[in-house]
2 protein chains.
Amino acid sequence: MRAYDIIYKKRMGEELTPAEIAFLIDGFVTGAVPDYQMSAFAMAICLQGMTARETADLTMAMARSGDIIDLSAIRGRKVDKHSTGGVGDKVSLVLVPLVAACGAPVAKMSGRGLGHTGGTLDKLESVPGMRIERTSDEFIEQVNRIGCAVVGQSGNLVPADKRLYALRDVTATVDSIPLIASSIMSKKIAGGADAIVLDVKTGSGAFMKTLDDAFRLAQAMVDIGRETGREVAAFVSEMDQPLGFAVGNALEVAEAIETLRGFGPKDLEDVCLALGSQMLRLAGVAPDAETARKMLTRALRNGAGLNKLIELVEAQGGDPSYIRQPVKLPRAPKVVPLLAAASGYVQSIEALEIGVAAMMLGAGRETKESVLDLSVGVVLRKKVGDQVEEGEALADLHVGDDSRLAEVKQRLLAAYTIGAPEPPAHPLIYGLVTEAGIERYA
Amino acid sequence: MRAYDIIYKKRMGEELTPAEIAFLIDGFVTGAVPDYQMSAFAMAICLQGMTARETADLTMAMARSGDIIDLSAIRGRKVDKHSTGGVGDKVSLVLVPLVAACGAPVAKMSGRGLGHTGGTLDKLESVPGMRIERTSDEFIEQVNRIGCAVVGQSGNLVPADKRLYALRDVTATVDSIPLIASSIMSKKIAGGADAIVLDVKTGSGAFMKTLDDAFRLAQAMVDIGRETGREVAAFVSEMDQPLGFAVGNALEVAEAIETLRGFGPKDLEDVCLALGSQMLRLAGVAPDAETARKMLTRALRNGAGLNKLIELVEAQGGDPSYIRQPVKLPRAPKVVPLLAAASGYVQSIEALEIGVAAMMLGAGRETKESVLDLSVGVVLRKKVGDQVEEGEALADLHVGDDSRLAEVKQRLLAAYTIGAPEPPAHPLIYGLVTEAGIERYA
């Protein structure tokens with residue numbers, strides 16, 4: 001077998017065999033297949049596509065390139081969740097305890113943030129004492145004991161994806177549905193998930209610019225699940241603005257706590273209930289999504305979810321008083337309002353730009369070495385559809401180091417589009433793709 | 001400007017600007033654009049194509065990556081010729097003196113053979129004393145004095161093409177019309193040609209497997225010529241078998257001499273007359289192709305072409321008695337017949353395989369370091385359409401080192417397809433593409 005022939009075959013639009021795909025991925029990881037062959041192959045995939053079977057084979061070849069976590073010692077079906085690029089996406093902070101409170105085990109491995117996207121681990125470290133490094137045994141023991149755990153990735157997970165992603169990032173081969181789908185799914189499969197709930201974002205700030213492409217990506221991942229024996233439910237939801245109001249580590253933890261108290265932003269609660277109900281269904285603890293939704297709503301109202309978050313924090317060495325009294329969380333020395341430069345309705349908010357602005361304030365890492373300020377960030381006061389007067393506050397900036405404040409303000413103002421007409425109401429969630437088919441909500 | 005954006009633009013099928021193309025090629029040569037970006041770009045070109053304007057810009061960007069030879073000190077319009085991959089292609093040996101004898105200056109820079117393709121320089125060195133290294137001044141002086149010269153490439157010609165070709169060769173991006181066309185034309189333009197006559201081969205052994213693709217490549221090169229101010233005439237001809245009978249250095253020189261005497265194989269003479277008449281037309285020494293053909297035929301019949309070859313050899317230090325008495329050329333110690341294993345008509349002869357067999361006998365280089373045996377090779381006795389009896393000789397093998405003889409014979413027998421039906425007559429030349437349009441002969 002030769003890399004050349006496999007690249008040529010894909011260039012000609014033919015379907016590759018599982019052995020051919022494994023040959024390229026294995027060779028890429030060992031170095032036998034050099035970068036310049038892999039980038040040509042990636043470009044051929046971008047332009048010729050892959051069948052569902054090929055995409056599943058690519059996923060498994062990547063998953064097998066490193067460790068595959070064995071979660072079989074955890075009782076019950078392990079359901080993982082993933083969102084494709086969120087700004088202000090604190091869904092995991094709410095869902096992990098809420099779903100666990102309803103009886104589904106949640107063994108969550110999470111990452112640190114880089115660039116404009118926040119990381120769940122960083123957010124959790126707003127709570128003093130929280131330890132996110134656990135041995136595999138501790139991790140499993142904790143999930144069996146209290147129903148959930150959130151830890152950092154350990155071991156050598158999906159090295160093929162790390163290398164391939166770095167290469168795609170510099171060869172204009174990022175936004176290909178089979179490549180994105182296999183990248184996401186290989187990590188979830190290597191993480192040991194039995195089933196996966198996905199939230200595919202669409203809109204100007206997302207990879208998938210159009211609704212059709214977002215549904216295609218959702219379908220591709222459901223197909224991978226079917227081919228590899230993992231049930232998948234994939235939502236398609238809007239990313240025309242950040243989810244909730246808060247963007248920034250401690251600010252998002254506070255908002256997640258509010259949500260678990262039952263007083264969260266409606267859009268955030270809606271997404272948590274939608275994703276959570278599929279998680280409960282796939283975990284087999286609810287017979288259907290409606291029943292699951294009722295269970296989740298009850299756990300929000302009666303405080304079971306919040307209590308589970310307190311248990312989680314305690315189990316991982318954190319100080320639970322910070323969850324009970326969120327005012328104790330790190331707070332920025334200054335809060336500066338961002339004033340509207342025009343009157344009208346908010347037409348849209350570039351979520352990506354809000355994320356970059358928060359990063360510039362210190363909430364995110366510009367490089368791997370950046371030190372975070374967990375207290376800083378942006379809290380939106382006006383969202384899409386809200387009316388605003390010139391001079392009124394659009395957002396509050398929670399500021400520590402204010403050396404780039406002027407630039408941040410300019411960026412945030414540019415992220416808001418304000419205009420005369422009342423914008424039409426957007427659905428928050430456009431639909432759901434499962435093995436049963438596509439359900440469009442709008 | 002970023003390489004990423006340019007690759008992405010081509011991936012999306014958009015037309016690149018001259019500046020964008022130059023940025024990538026210049027960066028590739030300096031190392032600022034790494035191989036893995038260039039291979040992704042090459043794959044995007046393979047699948048999305050290039051407009052005539054882009055292909056011309058790519059050609060000029062490559063030509064400018066190194067030296068461009070200045071032939072302006074040579075009187076008259078300098079017409080170069082190029083054939084896309086020939087086995088037994090001794091056309092240059094015939095054409096250079098023949099065209100010069102008719103009054104058009106021929107300043108030929110040629111290469112050494114590698115693999116199954118022979119090099120004109122190697123062939124000429126069958127004549128003792130021939131020197132192919134000349135200074136630029138000597139080269140120009142000789143063309144002005146006797147009308148022609150054949151020298152080795154000097155200087156740093158088209159380094160971008162050398163690097164890009166090596167990369168394409170390992171990333172399955174060789175057979176793309178804009179990439180092939182720009183590779184060929186950049187070398188001819190860097191070589192200082194005012195006008196170019198091309199012979200695009202088609203058939204099983206050629207890059208262009210189909211007639212349509214061969215015409216497309218021919219058209220692409222004519223278009224490059226129009227965009228860059230060099231008139232181009234491109235023939236499309238068959239490569240279903242080697243041209244003439246001889247494959248091997250001294251054997252081909254002998255056949256070229258026979259052809260200049262007027263007793264050459266008909267297919268070889270036909271191709272020489274066709275290409276030569278376009279060369280004379282483009283050089284402006286004949287008003288049209290018909291007149292040019294008559295001039296060439298006269299120079300064949302009256303020995304003017306042969307005399308010009310003798311002048312050429314003398315001018316470059318060679319012993320002209322070898323041209324007058326070709327029996328003096330290097331001769332292999334043994335001539336071994338290849339006997340037909342079946343009776344019937346010769347249906348086809350894989351030219352490539354004949355070339356490889358000759359190389360294995362020592363006529364070509366397997367690596368750059370291989371030492372040639374100028375005397376060895378293959379002389380076909382049966383060509384397509386000929387009838388043959390089992391046990392009759394298909395070819396003569398001129399053998400020195402016979403260590404691989406058995407393997408060579410097997411390969412040659414496999415190259416011949418012999419069958420019952422009389423094969424339909426193929427045209428040798430399918431057509432001609434010029435700025436005036438496409439002329440199809442068949």
Side-chain angles (χ1 to χ4, degrees), chain A residues 1-16 20-21 23-25 27-29 31-50 115 160 162-180 207-210 213, chain B residues 1-16 20-21 23-25 27-29 31-50 115 160 162-180 207-210 213:
Chain A
M1 211 174 278
R2 294 194 316 159
Y4 184 98
D5 300 321
I6 303 170
I7 301 168
Y8 193 76
K9 196 171 167 186
K10 180 42 66 188
R11 177 186 156 187
M12 291 294 130
E14 290 173 45
E15 189 175 16
L16 303 179
E20 287 168 337
I21 291 170
F23 178 88
L24 271 194
I25 295 299
F28 183 52
V29 173
V33 172
D35 283 353
Y36 53 78
Q37 288 188 321
M38 204 61 192
S39 63
F41 181 61
M43 183 60 83
I45 292 174
C46 288
L47 289 164
Q48 294 288 17
M50 275 190 148
K162 283 193 193 80
R163 283 203 58 190
L164 183 55
Y165 196 89
L167 188 61
R168 288 166 55 205
D169 204 31
V170 292
T171 55
T173 51
V174 170
D175 52 343
S176 147
I177 286 174
L179 292 177
I180 296 172
F207 270 152
M208 298 293 110
K209 307 293 180 204
T210 70
D213 275 348
Chain B
M1 211 175 273
R2 294 194 315 160
Y4 183 98
D5 300 322
I6 303 170
I7 301 167
Y8 192 76
K9 196 171 167 185
K10 180 42 66 190
R11 177 186 156 189
M12 291 293 130
E14 291 173 44
E15 189 176 17
L16 303 179
E20 286 167 338
I21 291 169
F23 178 88
L24 272 194
I25 296 298
F28 183 53
V29 173
V33 173
D35 283 352
Y36 53 79
Q37 288 188 319
M38 206 61 191
S39 63
F41 181 62
M43 183 60 82
I45 292 174
C46 288
L47 290 163
Q48 295 286 18
M50 273 190 150
K162 284 194 193 80
R163 283 203 57 191
L164 182 55
Y165 196 88
L167 188 61
R168 286 165 57 206
D169 204 31
V170 292
T171 55
T173 52
V174 169
D175 53 344
S176 147
I177 287 175
L179 292 178
I180 296 172
F207 269 153
M208 299 292 110
K209 307 292 179 206
T210 70
D213 275 348

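Lettering of chains follows the sequences in order, A, B, ..., and the numbering in each one begins at 1.
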Go through it in stages, so that I can follow the logic: the residues are A:Asp175 and B:Tyr8, the test is side chain to side chain contact (heavy atoms under 4.5 Å, CB included), and I'd like the CA-CA distance, side-chain angles, deciding distance and then a yes or no. CA-CA 10 Å; A:Asp175 52 343; B:Tyr8 192 76; 2.7 Å; yes
For residues 162-172 of chain B, give me every residue with a non-hydrogen atom less than 4.5 Å from any non-hydrogen atom of chain A. B:Leu167, B:Arg168, B:Asp169, B:Val170, B:Thr171, B:Ala172
Applying a strict 4.5 Å limit to non-hydrogen atoms, the region of A:Ala42 in contact with chain B is neither
Rounded to the nearest 0.5 angstrom, the SG-CE distance for A:Cys46 and B:Met12 is 7.5 Å
Quick check on the interface: out of B:Leu47, B:Asp35, B:Thr173, B:Ile6, who has the most heavy-atom pairs with chain A under 4.5 Å? B:Leu47
Pairwise distance OG(A:Ser39) to CE(B:Met38) - rounded to 0.5 angstrom: 11.0 Å
Sort out for me which of A:Arg2, A:Gln37, A:Arg11 touches chain B most, counting heavy-atom pairs under 4.5 Å. A:Arg11
Does A:Glu15 have any salt bridge (charged side-chain N to carboxylate O under 4.0 Å, His left out) partners at least two apart in sequence or in another chain, and if so, which? A:Arg53
